Amino acid sequence: MTVIEKIQKICPEAQVSTSGDTIVTVPSDSLAAVAEALRNDDQEPMDYLRDIVGMDWSEGLGALYYLESSKTYGRVVLKTVARDRDEAWLPSVCHWWRTAEIKEREIYDFFGIRFIGNPDMRRIFLREDWKGYPLRKDYDMDSNPLNMENEENADDTVEYYLKPDGTVEGHRNILFDQKDFVVNIGPQHPSTHGVLRMRTSLDGETISRIDPILGYIHRGIEKMNESLTYPQTLALTDRLDYLSAHQNRHALCMCIEQAMGLEVSRRVQYIRTIMDELQRIDSHLLFYSCLVMDMGGLTPFFYGFREREMILDIFEETTGGRLIQNYNVIGGVQADIHPTFQQKVKEFIKHLRSVIQDYHNIFTGNVIATTRLKGVGILTREQAISLGATGGTGRAAGWANDVRKHHPYALYGEVDFKEVLYTEGDSFARYMVRMDEIMESCHIIEQLIDNIPEGETRLKTKPIIKLPEGNFSASVETSRGEFGVMLESHGDKTPYRLHYRSTGLPLVHAMDTACRGNKIADLIAIGGTMDFVIPDIDR
Amino acid sequence: MEVKKKTAIRSMQYDEFKNNDYLEQMVRDLNRDGAGIILGSVDDLINWGRSNSLWSLTFGTSCCAIEFMALGAARYDMARFGFEVTRNSPRQADMIMVLGTITHKMAPVLRRLYDQMAEPKYVVAVGGCTISGGPFRKSYHVVNGIDQIVPVDVYIPGCPPRPEAFYYGMMQLQRKIKVQKFLGGVNRQEKKPKDMDSND
Amino acid sequence: MNNNSFLDYYNIQDLNTAIHEALLSVMPQWLAILLEGLAVGLLIIVLYAVLAIILIYMERKVCARFQCRIGPNRVGGKGGLLQVPADVLKILTKEIISLKGSDRFLYNLAPFLVILASIFTFSCLPWNKGAEILRMNIGIFFVLAASSIGVLGILLAGWSSNSKYTIIGAVRSGAMIISYELSIGLTVLTMVLLSGTMDIQNIVMSQDRMWNIFRGHLPAVAAFIVYLIAGNAEANRGPFDLAEAEQELTAGYHTEYSGMHFGFFYLAEYLNLFITSGIAVTLFLGGWMPLHFPGLDGFNAVMDYIPGVIWFVSKTFLVVFLLMWIRWTFPRLRIDQVLTLEWKYLMPLSLLILLIMTVCVVFGITL
Amino acid sequence: MSNFSEYIQGYVQGVKSLLIGMRTSMKVFCQKPVTEQYPENRHTTLHIPERHRARLVMVHDEENHHHCVACGICQMACPNDTIKVVSETYEDEDGKKKKRLVRYEYDLGACMFCQLCVNACPHDAIRFSNDFENAVFQREKLYMVLNNEGSSCAPKK
């Protein structure tokens, strides 16, 4: 029995559309029943909620639920529309997938859809006194001028419930008590890797609760996308998770190419794969550097950056950019690889293999480091799946979630590589996953670098690209987890809605779970090993 | 010609710098009142100290901050200029390098940090986002240029700028400091409140 | 005191006496003492400042080398020698901010307490034969007592700033220093036991045959290591810099200090490094005493040609380098690890060392 | 007893790992620094990759001709209105109405270096240069006019 048949068994009125991705539309009344059945299915439990995408269709506000099974890796998309535009509400699914807690907040913030039963319905990215919901199609862009007053944050949250007469009402949940010692970590803090702010209540040095406050770098990229042409949208992907610039852009290019029915050449596939892996090494080296620096060891920070500069050199020769590369374009890559590219990559890998032992000697084996990392900030496999903590964080807990392995794209189906898995789920495992992945990436590159076939590096495309109507999506494994592109086209030259699955948002959400009961110093170490990049979260 | 001597930077020619007209204008304005020779040489000494000891408050919000880290790393080594003492507390910093997009939510924080800094203080706007909103200038949540919030001393364009471009901008700032008069008007460029809020 | 003729040659005790007598011949005694006091005070402060500048410069250069970079090299000649003076000049001209909601008096007092503590201990260092500023028969005891004033300054700084980060930093520092004083006290006691005196100059003198670290062999080496770790912790330096912990508490207890107030904390941090090393050198490596081995009279005599002050300073900088090496290698400990290290590892160890040393001394198993 | 031996083992292991760390850092201490010294190396070893995008420039030949026909495709391609092409229409000898470039305005302070303008240009009139030294004191200085004074469009061959 396929997933769709299962859904239709529970909810006969479910409709299936197949323009682009297969999407099952269920009425909002039966969403809860369908969600529960899918989540608790025996053969194919849809236990991983990839993302919830809020939408403003002409028929009303609604959401798309992207589900995946951690057992069979099967995927399904649910669509549901809220009844009333002005008083829109949907049932919350956070009882089955904890990651919904934060994703529903995002949709509330952008679209004003209230989720019944979600314990925390505050704004997430925008100020609490923000007027209107920016991603609605009728939002007035000038309605919120710059407000220089300091923002006061409430110590409680709202939870909505449905009264018997069908109206929605809220009651307040206490977050921080009067007697809690609440320390603000961030938004401008040396080790939050950007402008994350964590309101942390402490009991001595022990953390009793963390409330992440996001949005300090929310740039409204998704709204901007709706008025940009497809080639223009590409430029902004580099600025999401700038340490996975290639991979992000790869995902969007793949998505658009798939919608256009464009097949890029083998040469491009090779180049993209190599670049993705170089980017991964780059990001993981930076991860090592930052983690070590956050833990107070300044010297190893410089080791990581020393090697990272070599990658940046390689990048810059070919792409012209060190951090923001603008390399992938629709139908290929911006320019052919530089003549010295292959030789330099090989030299780099040789060099990296010779120095990586120093990294381990100075940090990994160090008794201070191991005792600070081992057994700290444990996320179990079930927690990781429920929280949607993909990437190294999930793999450290034993959840095999590598998109490259389970939904291969580019050349990942053809190369030989190992999916690095640990089972401890603690900070040390998260650290080791990344360190091992550096070596795996080297291994992948070595298989490809000498065999790049000749071919077109860039297919000619029309100056104005129009995509057919429908929903399209693509996902890649970036340096820190699954990055997804969810695109809805209405046949125009601009996307109707272009949503990115943030890799970091679930990770930040997992911080509270992982940190409780640990020390402040552990907060820094756990945050470091979670390895999130804030601009990617806030978008 | 006095400007040329004053704003000399090691290994760089005067003409290799852009926007020199601004410095010349500044010196003309400052010299209008005239200053004693003794006062002048004390000024020069203090300015030498100040320009060579720019401790920056790290205010990285996005991409440019990573390039700033690269700047501090071994390859580019900020320490050569004595910039490596980055302070995390605004009280101890001399300049604030704004690295990355400033959003509406962040703007009051930036202003507050700027107010918390001890005089004399400088602002360097790095990257397109801080100068004009850059890639995101059409967004509903991005400040189009931090000069709306704080007075900016040097603009370093780029998205993000190369590490060398950072140095070029920092040297520009050093040159600006060198022609200022510490004993007359560098402090209190803006009126400021009497007591500061605590930094928690 | 058999063949230390050259050591006496460098002794400045006679010079001191001569100056004192010369002054007495032209002015009354109270004025002479006042003048001498002023001169010595000035000397300490100048020495203090100069040493701090040298140490900061050294730290910046050394850490640069550990991190495969160059370090300051653009201010004042090729080596960047004038970088730190430029910083000092800058700090002197920075505004000192007064805070709303802070305890003004204590807030302003705290940096002076920290500086005071380090100047007190600094004055006790024996630079050469006859060249010490404070000499008393319980000298080493005084050093321990005076250095504890510093923690008071840190606690006050943290508390009076009225900020949450500073208070966490201060409390961490308090907890840490109180713990590590134990180990320091015990290891110092070990050496006092070996030397048989608490007077710092006499401790140095007692090493004229051989440095304590050789004389006390195994227990002395162990005590030296324990002292270095504990002293490092007490100087609040990495990997024990929890009180500042940039990545956790922005700047720890001195987050709210600006201008010269912050400068005091900054100077004191480096001087404490020097003092810790200086005391370590005095106790274990013979202070200003040249390298002597019993029986090698010729060698000993050659060593004596080098003045004591050079011996002292070079040995101290060697230990300073060792501590920098440690600092720039290890990640920071967590507060519970810091306390575990002290109470579960160092404390028992130093007690054991004390016991062994007692046995050694009683049975004469020292070299 | 096993507890005690574990304690001792922990001791030894810990000290050993610390010593390995110190050995590693000393090894690097003795290596040559990898620092590149800008601005000392400005005219010597400084290498900027040719493809690096630091500033948009308009290509001019020796006779002060550029290739811009003021079609405005670059302006359309730009995602954030960095480029403004000011043109005028004139009548050529045959009496045909033609467009020519007056000012090619470019805001370096807003450019995101996405290369869409260069890709879009049908005549290769613009390209990115390596000149990264652009820091200035005044915001106005970042608004640039790219066509040289008195320049004109190259005649068709």
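We name chains A, B, ... by the order of the sequence lines, and we start the count at 1 in each one. Just so we're clear, the structure is a prediction, and the values are computed from it rather than from any experiment.
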Checking heavy atoms, do the side chain of B:Phe81, its backbone, both or neither come under 4.5 Å from chain D? side chain
Is there a donor-acceptor pair closer than 3.5 Å between any side-chain N or O of D:Asn80 and the backbone N or O of B:Gly134? yes
Is there a side-chain contact between B:Ser132 and D:Arg139 (heavy atoms, below 4.5 Å)? yes
Residue pair D:Phe137 / B:Val154, side-chain heavy-atom distance below 4.5 Å: yes
Part of D:Asp131 lying under 4.5 Å from any heavy atom of chain B: side chain
Which atoms of B:Met171 are under 4.5 Å from chain D, going by heavy atoms: the side chain, the backbone, both sets, or neither? side chain
Check whether any side-chain heavy atom of D:Leu142 lies under 4.5 Å from a side-chain heavy atom of B:Ile131, and answer yes or no. yes
Just wondering, more than 12 heavy atoms not from D:Lys84 lying within 6.0 Å of its NZ? no
First locate atom CD of B:Gln172, then atom CD of D:Glu133, and finally report the distance between them rounded to the nearest 0.5 Å. 9.5 Å
D:Pro79, part contacting chain B, at a heavy-atom distance under 4.5 Å: backbone
Heavy-atom distances under 4.5 Å only: say whether B:Pro135 touches chain D with side chain, backbone, both or neither. both
May I ask you to name which of B:Gly169, B:Ala125, B:Gly158 has the most heavy-atom pairs under 4.5 Å with chain D? B:Gly158
Shortest non-hydrogen contact between B:Glu164 and D:Glu36, atoms and distance: OE2-OE1, 4.4 Å
Pairs of heavy atoms under 4.5 Å with chain D: top-ranked of B:Phe136, B:Tyr76, B:Tyr155: B:Tyr155
Give a yes or no on this: more than 12 heavy atoms of other residues, nucleotides or ligands lie within 6.0 Å of atom CE of D:Met144. yes
Inspect the contact between B:Arg137 and D:Asp81 and indicate whether a charged nitrogen and a carboxylate oxygen are less than 4.0 angstrom apart. no
D:Thr35 vs B:Arg75 side-chain heavy atoms within contact, under 4.5 Å: no
